[in-house]
Amino acid sequence: MTVEALPNRISIDALMYLSQHINLEDIIAQMADNDDIYSAIEKEKRSQQADPFAAILGNILAFAQAKLSSFSETTMAAYVQVLLTLTSRLPSHFFNSLNGKNHTRRSIPVVVGSDDEGDMDFVHTPSSTTPTAPPVSPHLAKWLNVLIKPSHFEAVVRSCGIAGSEVTPAVLQHTERVASFLLTVMSKWSSEKMDIATSLLFKFDGLLKRLWHIARQSALWAAFASGQPAEKTITDARFGSQWAVLVLFCELFVRLLTTLADDELFGKRPPIPVEALVELSQTLKAVTFDLYWNDKLVSQAFILRTNLSCSYVLELFTKVVQQTHARDSRRSFCPENHWLIIDPPFDYAMFAALTLQSPEDKSGKQSRARSCRAILNAIPFVIPFETRVTIFRAWIRADRRQNGLDGHWAAPIAKVTVRRQSVFEDGFTHLNALGAELKDRIAIEFVSEQGLVEAGIDGGGVFKEFLTAYVVSTVMPCLLCDLAKSSSIYPPSLSKQAFDMNYGLFRETGDHLLFPSPHSYATQDMQLHHLEFLGRIVGKALYENVLMDVSFAIFFLAKWLGQRSYLDDLPSLDPALYQGLMFLKHYDGDVEGDLGLSFSIDDAEFGLARTIDLIPNGASVAVTKENRIQYIYLMANYKLNTQIQRQCQAFFSGLSDLIDPEWIRIFNQQELQMVLGGVASPLDLIDLKKHTTYSGGFDSDHPTIIDFWSVVEELADDEKSSLIKFVTSCARPPLLGFGELEPGFSIRNAGGDIQRLPTSATCVNLLKMPAYTDRSMLRSKLLYAINAGAGFELS
């Protein structure tokens, strides 16, 4: 059996005789139970140029094909064991050379937040690169390719029983063996991994549910569910064989999530029940957290009595948890606080402090600090959102100190005069060249439409107004129609200017969420420079903790986090196209003849029609039943990624000048939107009063202050927002409440001249109010001031 490609080396008569008289079942049984055979072959291997294990594998596959259907349960179990043993003994790079896919492979790092199906090697590789495999003869390659043929997989998979059938101890043991074999093939033959996973998923109905059913009944799962430490399950030999079923399920589940739309995952016939998704994510979340927290476990090469490396399992479990969380973020199906760690081994203040430890810190806390950063990098959602916001703010404060920017009254790096009617042009002209230096303090002086310099010294508040004005005037002209009716939000001159300025940099979805314009105009050099600068402006707002009244599309925010957008993001951009693609995916008729689609898109700009190929010569390639899945995902990829790629790169290039990408990747898209713009919720007066200070003779018991809070309590929600904007320059309250406002909200006695209006110093969040003695006068003066919309002209 060690003769390479034996069926091709003997005559047809001899082959027929050998096939009829060889006792293949006996050979398989002996090889399954006798390790001495492999030791002897290993010694023989040293004296041969060809690999004898490959030769034996090829010959067994060749002679077994005609007999697979007649194998007994015992013989099939032995057959799978022999395939597993032989495949495991071949070099990890061997199979990739069979079909002209001979790669130099490198170890694959964890890719956080990616939905792509990356190669994940679970066979330990001692060096960072693997040597190139010697060429394999065509005859041997032919027989080895039988290993991954659907007909061969079918015989192996069907031997585990069908979904719903009884799981006897023998069936359980055989399923564990089959799972180990399939995982080994997927790892060793990594160039075919995606095709193998797809074949197992879609050609063997019920396999995924069968694997889940068996994995969930295992002692390993019971240990997970009971909260046993991950170290025990990794080092306990009793669990060794049970890992393969769970890991194979996770491999197929991750592949499924990359091909399944939300409507299908949560539809009438889901591949996995929703309650199973909840249980799966709850359990694997805890295991994954344990592995990151006790990172010394991952340094172990293998889980005991398996070929599964700890790093591979951690990466795979991380993907399952990440992708399930992403689905829950889009369409909630998990209970409240489902993603948080129950009884964490730390308090969150300690966790936040550990994340700020320097990597060069040699103290005993360094290992825990490394674990905290790994958790934030991979599964940040297990930490409360408020804690992550605190960490984000702390990273910015640390960056300020490192760059010498923590002095509040430091001299500005630039002083800029901005005309109210030309906020966009003046901002770009004077500030674009600063690049990353935009982190420093900038002094802004506004000139009104009448050409008058507005009063007020910019201690930071005027620049905050410039930030919000710049963003609104640039990206929100299409949204200002309704806002223009309320001068409490933006100065009338700015709103008028925004109507007149249609730069074509952004578009809005049907839900009025913004994303870069896909128009070719937006890809011109000047427009890309504008987008890059706008990214810096948004970065400056984040850096300065200035909330912006702007909402971005979820698929656009995903790109800030280093993620690509997929089919499930398409409904937010083009629901009609999404419905059309879903119709195509499930169409039972003649796809090519009835629908007449090709791998191309017809578009028009400036009245000129053009055809865009999704693949080379796509207009000439028809969409068929066989290739429609490829068409669906190419179409979604073009709409969500390709046509706005340059625009997004320009914007993010500017953003990353001020904000380290790692800082914002601790949030998902929905959370990032809250960090950018706060939460549109009613003003919490109790929180505001609790964190308000008084000066100039005012205190909480002063009659004017009592009247003030009484008046504010009666204001409408939009009037309360106008008050907050009047004092702080931001219409929404701070994300974590007024306790994080720096400096704090304060009210100062402006004297006894009750004819004066209240004024503000937004740079220090100060309301300057005369000591009004009449409540109705206080109300009318306050409303006039906050609704005047005259910028700093009242100061």
inquiry  = The test is side chain to side chain contact (heavy atoms under 4.5 Å, CB included); show your working for T288 and L314 and say whether it passes.
reply    = CA-CA 6 Å; T288 303; L314 176 57; 3.8 Å; yes

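- Among residues two or more places apart in sequence or in another chain, the ring pair (Phe, Tyr, Trp, His ring centres under 6.0 Å) test is passed with F745 by none.
- The closest donor-acceptor contact from the side chain of N641 to the backbone of S565 lies under 3.5 Å.
- By the 4.5 Å heavy-atom criterion applied to side chains, L354 and F346 are not counted as neighbours.
- When side chains are defined from C-beta on, I537 counts as touching L438, because their heavy atoms get closer than 4.5 Å.
- A donor-acceptor pair is defined here as one N or O able to donate and one able to accept, closer than 3.5 Å; no such pair exists between the side chain of E445 and the backbone of K415.
- Nearest heavy atoms, P345 versus M350: O-CE, 4.3 Å.
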key: Worked verdict on D328 versus F381 for side chain to side chain contact (heavy atoms under 4.5 Å, CB included)   = CA-CA 12 Å; D328 185 53; F381 39 81; over 6 Å; no

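- Listed by chain and residue number, A750, R756, Y772 satisfy the side-chain contact (heavy atoms from CB on, under 4.5 Å) test with P770 (two or more places apart in sequence, or in another chain).
- Taking every heavy atom of both residues into account, A394 and L356 meet most closely at CB-CD1, 3.7 Å.
- Classified by interplanar angle (parallel below 30°, tilted 30° to 60°, perpendicular above 60°), the ring pair F533/F428 is perpendicular.
- With no hydrogens or angles considered, no side-chain donor-acceptor pair links D426 and H430 at under 3.5 Å.
- Under a 4.0 Å N-O distance rule, the pair E315/K319 does not qualify as a salt bridge.
- A distance of 12.0 Å separates CG of L723 from CG of D718, quoted to the nearest 0.5 Å.
- To the nearest 0.5 Å, atoms CG (N787) and CG (L782) are separated by 9.0 Å.
- Counting only heavy atoms from C-beta outward, the side chains of L640 and F515 never approach each other to under 4.5 Å.
- Distance check: D569 CG to F556 CZ gives 13.5 Å after rounding to the nearest 0.5 Å.
- Judged purely by atom type and a 3.5 angstrom limit, S722 has no side-chain atom pairing as donor or acceptor with the backbone of I786.
- At a threshold of 4.5 Å between non-hydrogen side-chain atoms, the residues L405 and R441 do not count as touching.
- Across all non-hydrogen atoms, the minimal contact from L767 to P758 is CD1-CB, 4.1 Å.
- Nearest heavy atoms, Y292 versus A378: OH-CB, 3.3 Å.
- Ion pairing between E544 and R400 holds under the 4.0 Å rule for side-chain N and carboxylate O.
- Here the side chain of S653 pairs no donor or acceptor atom with the backbone of Q649 at under 3.5 angstrom.
- When every heavy atom of R665 is checked against every heavy atom of G562, the shortest pair comes out as NH2-CA, 3.6 Å.
- Residues I664 and L655 form a side-chain contact, since some pair of their non-hydrogen atoms from C-beta on lies under 4.5 Å apart.
- Between F651 and W560, the ring-plane angle classifies as tilted under the 30° and 60° cut-offs.
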task = Show the numbers, then the answer: is there a side chain to side chain contact (heavy atoms under 4.5 Å, CB included) between R536 and N432?
result = CA-CA 9 Å; R536 292 194 191 101; N432 182 49; 3.0 Å; yes

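- The main-chain N or O of Q670 is found under 3.5 Å from a side-chain atom of N668 such that the two form a donor-acceptor pair.
- Between R393 and L542, the closest heavy-atom pair is NH1-O, 4.3 Å.
- Side chain of Q673 to main chain of F552: a donor-acceptor pair is present (N/O by atom type, distance under 3.5 Å, no hydrogens or angles).
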request  = Go through I442 and L434 one step at a time and tell me if the side chain to side chain contact (heavy atoms under 4.5 Å, CB included) criterion holds.
outcome  = CA-CA 10 Å; I442 310 294; L434 290 178; 3.7 Å; yes

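- Residues F289 and V321 are not in side-chain contact: their nearest non-hydrogen atoms beyond the backbone lie 4.5 Å or more apart.
- With hydrogens and angles ignored, the 3.5 Å screen pairs a side-chain donor or acceptor of K540 with a backbone N or O of D440.
- One finds the OG1 atom of T390 at 7.5 Å from the CD atom of E740 (value rounded to the nearest 0.5 Å).
- Annotation: I342, atom CD1; neighbour count of heavy atoms from other residues, nucleotides and ligands within 6.0 Å does not exceed 12.
- The backbone N or O of E425 sits nowhere less than 3.5 Å from a side-chain atom of R419 that would complete a donor-acceptor pair.
- Taken to the nearest 0.5 Å, the OH atom of Y348 stands 10.0 Å off from the CZ atom of R388.
- Expressed to the nearest 0.5 Å, how far CZ of F667 lies from CG of L672 amounts to 7.5 Å.
- You'll find the side chain of I724 reaches within 4.5 Å of the side chain of F738, heavy atoms only.
- Between H702 and F698, the two ring planes are perpendicular [angle over 60°; tilted spans 30° to 60°].
- With K285 contributing its side chain and L340 its backbone, the two residues share a donor-acceptor pair below 3.5 Å.
- Put simply, the side chain of Q647 gets close to the backbone of S517: a donor and an acceptor are under 3.5 Å apart.
- The shortest distance between side-chain heavy atoms of L676 and V550 does not fall below 4.5 Å.
- Side-chain contact, D399 with W663: no donor N or O sits under 3.5 Å from an acceptor N or O.
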